[in-house]
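Data first, discussion second: the structure below is written as structure tokens.
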2 protein chains.
Amino acid sequence: MQITQYTDYALRVLIYLGACPERRVTIKEVAETFDISRSHVMKIVNQLVSLGFVEGTRGKGGGLRLNRAPAAIGVGEVVRLMEPGFDLVDCFRAESGCLLSSGCRLKGALHTALQAFLAALDEVTLADLIVNQPRLRNMLGVIALNPSP
Amino acid sequence: MQITQYTDYALRVLIYLGACPERRVTIKEVAETFDISRSHVMKIVNQLVSLGFVEGTRGKGGGLRLNRAPAAIGVGEVVRLMEPGFDLVDCFRAESGCLLSSGCRLKGALHTALQAFLAALDEVTLADLIVNQPRLRNMLGVIALNPSP
DNA sequence: CACGAAGATGCATTTTAAGTGTATCTTTTA
DNA sequence: TAAAAGATACACTTAAAATGCATCTTCGTG
């Protein structure tokens, strides 16, 4: 059981932006800091922008910035919106055709468990993830602290 | 977010066996009923046997049978043991090297959520999944009801 | 106003974990 | 002793995720 890197990095991008609220952060910088491909960061950021979590400005001096207060960004919300699918098992899908579907209660049990998972994440906001801002900034290291010369 | 078919079918095999307690069920029969590869069912069953959930007997007239009472088989237990990994995101892995690791609380939040997910499944046993045994048997259909001629 | 820095978009390719296929061995009963 | 069943091992395929590349748009600055 795992979550896609897509969602994982969406959260990390938000953490990064939350840790550097005083300036705009570029996609290049994020990709290099986390050592993943720019394309992937692009896709993630694009969705974060279109969902209203992040504001992206183009052109020289542009970059990314949070578009909401960290305390107003729920981790559960982000995961729900970014993760491509929550069809835990085959029988969650309409066309599954599992012979057991209407007789068994597995689907219901897994659905309840999934709700419990997401509810736990709903208790946490981005603000909770970045309480120790100085430390985070320190971990982000050279790149984050020395943008472009 | 999803669970592997491996775990999904492990549960379905147990449901199948729980629905047909009066006889031995062959791997061939399970594979054909669920329309998946024999190899995959093999691997799943082998693990279920080695974990003590199922008893497999070889030779003519052999097959599979539950090795514990359905009420003594927890869904959470099965999922924990069968699912290959619960490293929800990169930073769960020791060698991840995520720069944020020690400063951020994402890992903790996801871990808590995962525990909530599994705890919800711990509330359910195989017996709960097969309460409507006659209906299940009916759904399993021709193959299950007419083993080999 | 042109150039360069940034994000936006789209598509093709690569990677990798999950699932499948095939072969061979072992056990059991008729 | 032959056929039916599970056990084991390894090679192959598939599909989703991630990456790479090309091109377009927007914006600020000299």
Side-chain angles (χ1 to χ4, degrees), chain A residues 1-10 12-13 17 23-32 34-67 82-90 93 147-149, chain B residues 1-10 12-13 17 23-32 34-67 82-90 93 147-149:
Chain A
M1 188 164 115
Q2 54 188 43
I3 279 174
T4 56
Q5 278 186 44
Y6 187 82
T7 302
D8 182 5
Y9 283 111
R12 293 205 220 175
V13 167
L17 298 184
R23 65 185 181 87
R24 294 181 204 277
V25 173
T26 68
I27 286 178
K28 182 161 179 277
E29 183 186 330
V30 171
E32 286 174 359
F34 293 137
D35 195 28
I36 57 172
S37 81
R38 291 191 63 178
S39 308
H40 210 204
V41 180
M42 277 290 182
K43 281 199 286 191
I44 292 161
V45 164
N46 286 169
Q47 195 178 347
L48 287 172
V49 167
S50 74
L51 289 171
F53 289 111
V54 166
E55 182 203 49
T57 53
R58 304 186 188 189
K60 206 163 187 174
L64 311 167
R65 196 157 56 170
L66 286 182
N67 197 30
M82 300 300 289
E83 186 67 13
F86 288 101
D87 293 335
L88 283 180
V89 295
D90 186 54
R93 305 171 37 113
S148 21
Chain B
M1 187 166 117
Q2 54 187 42
I3 278 173
T4 57
Q5 278 187 46
Y6 187 82
T7 303
D8 182 6
Y9 283 111
R12 293 205 221 175
V13 167
L17 298 184
R23 65 186 180 85
R24 292 182 205 276
V25 173
T26 67
I27 286 178
K28 183 160 178 278
E29 182 186 330
V30 171
E32 286 174 359
F34 292 136
D35 195 28
I36 56 171
S37 82
R38 290 191 65 178
S39 308
H40 210 202
V41 179
M42 274 293 181
K43 280 197 286 190
I44 292 161
V45 164
N46 284 171
Q47 195 178 348
L48 286 173
V49 167
S50 74
L51 289 171
F53 290 110
V54 166
E55 181 202 51
T57 54
R58 305 185 188 190
K60 206 163 187 172
L64 312 168
R65 201 159 50 170
L66 286 182
N67 198 29
M82 299 300 287
E83 186 66 12
F86 288 101
D87 292 335
L88 283 180
V89 295
D90 185 53
R93 306 170 36 112
S148 22

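Chain A is the first sequence line, chain B the second, and so forth, proteins listed ahead of strands; every chain is numbered from 1.
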I need the minimum non-hydrogen distance between [X] and [Y], along with the two atoms involved.
{"X": "Gly63(B)", "Y": "Arg24(B)", "answer": "N-CD, 3.8 Å"}
{"X": "Lys43(B)", "Y": "Tyr6(B)", "answer": "O-OH, 3.5 Å"}
{"X": "Val30(A)", "Y": "Val25(A)", "answer": "CG2-CG1, 3.6 Å"}
{"X": "Gly56(B)", "Y": "Leu64(B)", "answer": "CA-CD2, 4.0 Å"}
{"X": "Leu88(B)", "Y": "Met1(A)", "answer": "CD2-O, 3.9 Å"}

Check for a donor-acceptor pair, side chain of Glu83(A) on one end and backbone N or O of Thr7(A) on the other, with a separation under 3.5 Å.
->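 Looks like no, no N/O pair under 3.5 Å.
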Give the B/S/- string for nucleotides 12-23 of chain C, one per nucleotide from 5' to 3', where a protein heavy atom under 4.0 Å of the base yields B, of only the sugar-phosphate yields S, and otherwise -.
-> ------SSBBB-
Send over the distance from [X] [atom1] to [N] [atom2], rounded to a whole Å.
{"X": "Asp90(A)", "N": "dA15(D)", "atom1": "CG", "atom2": "P", "answer": "14 Å"}
{"X": "Ile44(B)", "N": "dT8(D)", "atom1": "CD1", "atom2": "C1'", "answer": "16 Å"}
{"X": "Leu64(B)", "N": "dA4(D)", "atom1": "CG", "atom2": "C1'", "answer": "14 Å"}
{"X": "Glu32(A)", "N": "dG20(D)", "atom1": "CD", "atom2": "P", "answer": "13 Å"}
{"X": "Asn46(A)", "N": "dA8(C)", "atom1": "CG", "atom2": "P", "answer": "5 Å"}
{"X": "Met42(B)", "N": "dC25(C)", "atom1": "CE", "atom2": "P", "answer": "16 Å"}
{"X": "Ile27(A)", "N": "dG7(C)", "atom1": "CD1", "atom2": "P", "answer": "4 Å"}
{"X": "Leu48(B)", "N": "dA7(D)", "atom1": "CG", "atom2": "P", "answer": "11 Å"}

Evaluate the side-chain contact (heavy atoms from CB on, under 4.5 Å) criterion for residues Glu32(B) and Lys28(B): first the C-alpha distance (whole Å), next the side-chain angles of each, then the deciding distance (0.1 Å), finally the verdict.
-> CA-CA 6 Å; Glu32(B) 286 174 359; Lys28(B) 183 160 178 278; 3.5 Å; yes
Does a side-chain heavy-atom distance below 4.5 Å link Met82(B) with Leu51(B)?
->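 In contact.
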What distance do Ile27(B) atom CD1 and Asn46(B) atom CG have between them, rounded to the nearest 0.5 Å?
->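 Answer for the CD1-CG pair, Ile27(B) versus Asn46(B), is 6.5 Å.
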Approximate separation, where rounding is to 0.5 Å, of Arg23(A) CZ and Arg65(A) CZ |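 These two atoms lie 12.5 Å from each other.
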Would you list the protein and nucleotides 27-29 of chain C atom pairs, both N or O, that sit under 3.5 Å from each other?
{"residue": "dT27(C)", "atom": "O4'", "partner": "Arg58(B)", "partner atom": "NH1", "Å": "3.3"}

Quantified as the angle between the terminal helix axes (five pairs each), what is the overall bend of the helix from dC1(C)-dG30(D) to dA30(C)-dT1(D) to 10 degrees?
->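 Terminal axis comparison yields 0°.
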Using the ring of each side chain (for Trp, its six-membered ring), is Tyr9(B) parallel, tilted or perpendicular to Phe34(B), with breaks at 30° and 60°?
->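 Ring orientation of Tyr9(B) relative to Phe34(B): tilted.
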